[in-house]
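Throughout, a chain's letter reflects where its sequence line sits, starting with A, and its residues are numbered from 1. Predicted model, so just to flag it, every value in this text is computed and none were measured.
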Protein chains: 2
Amino acid sequence: MVLLDLLGRRWALRIVWELRGDALTFRALREACGDVSPSVLNTRLKELRDSDLVTLDEAEGYVLTPLGRELLERFLPLVDWAERWAKRG
Amino acid sequence: MVLLDLLGRRWALRIVWELRGDALTFRALREACGDVSPSVLNTRLKELRDSDLVTLDEAEGYVLTPLGRELLERFLPLVDWAERWAKRG
DNA sequence: GGATGGTGCTACGGAAAACGTAGCATCCCG
DNA sequence: CGGGATGCTACGTTTTCCGTAGCACCATCC
C-alpha cells in the first residue's frame with residue numbers, strides 16, 4: 001500500500017479534500033486547511049504533484065488532476081460513512 | 001471531516017489496513033507495520049479504540065470492530081484504485 | 001512611478017511527534 | 001523454577017511540523 005505512505009501524512013488527505021470543488025490559490029488552500037504553515041503545505045503539494053494527484057494551473061491555482069479526481073471519487077463513500085460515524089453514541 | 005483528524009496521522013490508516021484479516025497481537029501488528037515503535041503504535045491504538053474502530057480481544061488480539069469493518073469496506077475501492085495508480089506511467 | 005495588494009514560495013528557530021532501544025509486569029506451559 | 005509468550009511503558013535521539021517573517025514577482029491603481 002504505497003498510497004498509505006503518501007496519504008498517511010499530516011494534511012495530505014485534507015488537501016485533496018479541500019480541492020474537491022474549484023481551484024484554490026496557495027493562500028486560499030492554506031486558509032481552508034485552518035492555516036497550515038506554508039512550509040508544510042508546500043512540502044505536501046510537492047509530493048502530491050509528484051504523484052500526479054494535484055497540479056498548479058497558472059491561471060486558477062491548485063486543482064486536482066484527473067487522477068486526483070479519481071481518488072476523490074473512491075473516497076466519497078468514506079465521507080458519507082464518516083458523518084454517521086462521527087455521530088455515534 | 002473529523003475522520004481526517006484521526007486517520008491523517010502516521011500509521012492510523014496502516015493499522016486499520018493491517019487488521020483487515022485475522023486478529024493480530026500487539027507485537028504482530030508492530031511487525032506488520034514495519035516495526036513501528038511501540039509507543040506510537042500504542043498511542044494510535046488508544047485513539048482507534050476510543051473511536052470504536054479497533055478493540056482488543058483478550059483471547060485473539062487486536063481486531064476491527066464492526067464499525068471498523070464498515071470503514072474498511074468503504075476503503076476497499078481506494079485500495080483497488082491505488083494499485084493501478086502505483087503503476088502509472 | 002511608486003504604492004498597494006495579489007501571487008507562489010522559502011528561511012529559521014522552537015515545539016511537537018515519531019523513532020529506537022531497553023525493559024517491566026503478567027501470564028501460561030513445561 | 002525457567003522459558004517464552006503477552007500488552008505496554010520509559011527515555012533519549014531524531015525527524016517532522018508549526019508559526020512568523022519575509023522574499024521575488026506581477027498586476028492594478030492613482
Side-chain angles (χ1 to χ4, degrees), chain A residues 1-69 72, chain B residues 1-69 72:
Chain A
M1 280 297 288
V2 192
L3 185 67
L4 292 188
D5 270 10
L6 179 65
L7 298 186
R9 290 181 182 171
R10 229 149 165 209
W11 305 112
L13 266 173
R14 174 75 176 264
I15 290 170
V16 173
W17 176 244
E18 296 297 345
L19 290 178
R20 85 199 97 108
D22 291 337
L24 289 179
T25 65
F26 188 92
R27 282 167 157 83
L29 187 53
R30 205 168 104 75
E31 276 181 40
C33 292
D35 285 326
V36 216
S37 83
S39 40
V40 186
L41 178 57
N42 193 38
T43 306
R44 287 297 159 272
L45 282 173
K46 261 182 195 139
E47 294 165 0
L48 289 171
R49 289 206 268 181
D50 288 347
S51 309
D52 300 325
L53 297 178
V54 167
T55 187
L56 175 55
D57 180 303
E58 301 234 344
E60 317 247 342
Y62 284 95
V63 221
L64 292 180
T65 63
L67 216 52
R69 296 234 159 256
L72 184 65
Chain B
M1 280 299 287
V2 193
L3 185 68
L4 293 187
D5 271 10
L6 180 65
L7 298 185
R9 291 183 181 168
R10 225 145 169 210
W11 306 112
L13 267 172
R14 175 74 176 264
I15 290 171
V16 173
W17 175 244
E18 295 297 347
L19 290 178
R20 85 200 96 106
D22 290 337
L24 290 179
T25 66
F26 188 92
R27 282 166 156 84
L29 188 51
R30 205 168 105 75
E31 276 182 39
C33 292
D35 284 325
V36 216
S37 83
S39 39
V40 186
L41 178 57
N42 194 38
T43 305
R44 287 296 160 273
L45 282 173
K46 262 181 193 141
E47 293 165 0
L48 289 171
R49 288 206 268 180
D50 288 347
S51 309
D52 300 325
L53 296 177
V54 167
T55 188
L56 176 55
D57 180 304
E58 301 234 343
E60 317 248 341
Y62 285 97
V63 220
L64 292 180
T65 64
L67 216 51
R69 296 235 160 255
L72 185 65

Rounded to the nearest 0.5 Å, what's the gap from CG on Leu6(A) to CG on Leu48(A)? Could you check? 5.5 Å
Please round to the nearest 0.5 Å and tell me the distance separating atom CZ of Arg69(B) and atom CG of Leu19(B). 8.0 Å
If only atom types and distance count, is the side chain of Thr25(A) paired as donor or acceptor with the main-chain N or O of Gly61(A) below 3.5 Å? no
Walking DNA chain C from its 5' end, the first of Asn42(A) and Arg30(B) to be reached, judged by nearest nucleotide, is Asn42(A)
Close side-chain approach of Val40(B) and Arg10(B), heavy atoms under 4.5 Å: no
So Glu31(A) and Arg27(A), salt bridge (Lys or Arg N to Asp or Glu O under 4.0 Å) or not? Walk me through it. CA-CA 6 Å; Glu31(A) 276 181 40; Arg27(A) 282 167 157 83; over 6 Å; no
Just wondering, do Glu47(B) and Asp50(B) contact through their side chains at under 4.5 Å, heavy atoms? no
Here the distance between atom P of dA27(D) and atom CD of Glu58(A), to the nearest Å, is 12 Å
Readout for nucleotides 23-30 of chain C: B = base within 4.0 Å of protein heavy atom, S = sugar-phosphate only, - = neither; 5' to 3' it is --------
Grab the CG-P distance between Leu29(B) and dG7(D) for me, whole Å please. 9 Å
Round to the nearest Å and state the distance from Glu60(A) atom CD to dT7(C) atom P. 13 Å
Do side-chain atoms of Arg44(A) reach the backbone of Arg9(A) as a donor and acceptor pair under 3.5 angstrom? no
Within-4.5 Å side-chain heavy-atom neighbours: Asn42(A) and Phe26(A): yes
Quick one, Val63(B) and Val54(B) - any side-chain contact, counting heavy atoms below 4.5 Å? no
Take atom CZ of Arg44(A) and atom P of dT10(C), then tell me their distance rounded to the nearest Å. 14 Å
May I ask you to test the Leu29(A)-Ile15(A) pair for a side-chain heavy-atom distance under 4.5 Å? yes
Please report the end-to-end axis angle for the helix from dG1(C)-dC30(D) to dG30(C)-dC1(D), five pairs per end, rounded to 10 degrees. 10°
Contacts to DNA chain D from residues 5-24 of chain B, heavy-atom cutoff under 4.0 Å, which residues? none
Just checking, Arg20(A) and Trp17(A): is the charged tip under 6.0 Å from the six-membered ring centre and within 45° of the axis? yes
Reckon Lys46(B) has a side-chain N or O less than 4.0 Å from the OP1 or OP2 of dT9(D)? yes
What nucleotide, of dG7(D), dC17(D), dT7(C), holds the atom closest to the side chain of Leu56(B)? dG7(D)
At under 4.0 Å between heavy atoms, what does Ser39(A) touch on the DNA or RNA strands: base, sugar-phosphate, or nothing? base
So which nucleotide from dC19(C), dC9(C), dG7(D) ends up closest to the side chain of Phe26(B)? dG7(D)
Once you round it to whole Å, what is the distance between C1' of dT9(D) and CG of Leu41(B)? 13 Å
Could you tell me how far apart Tyr62(A) (OH) and dT7(C) (C1') are, to the nearest whole angstrom? 10 Å
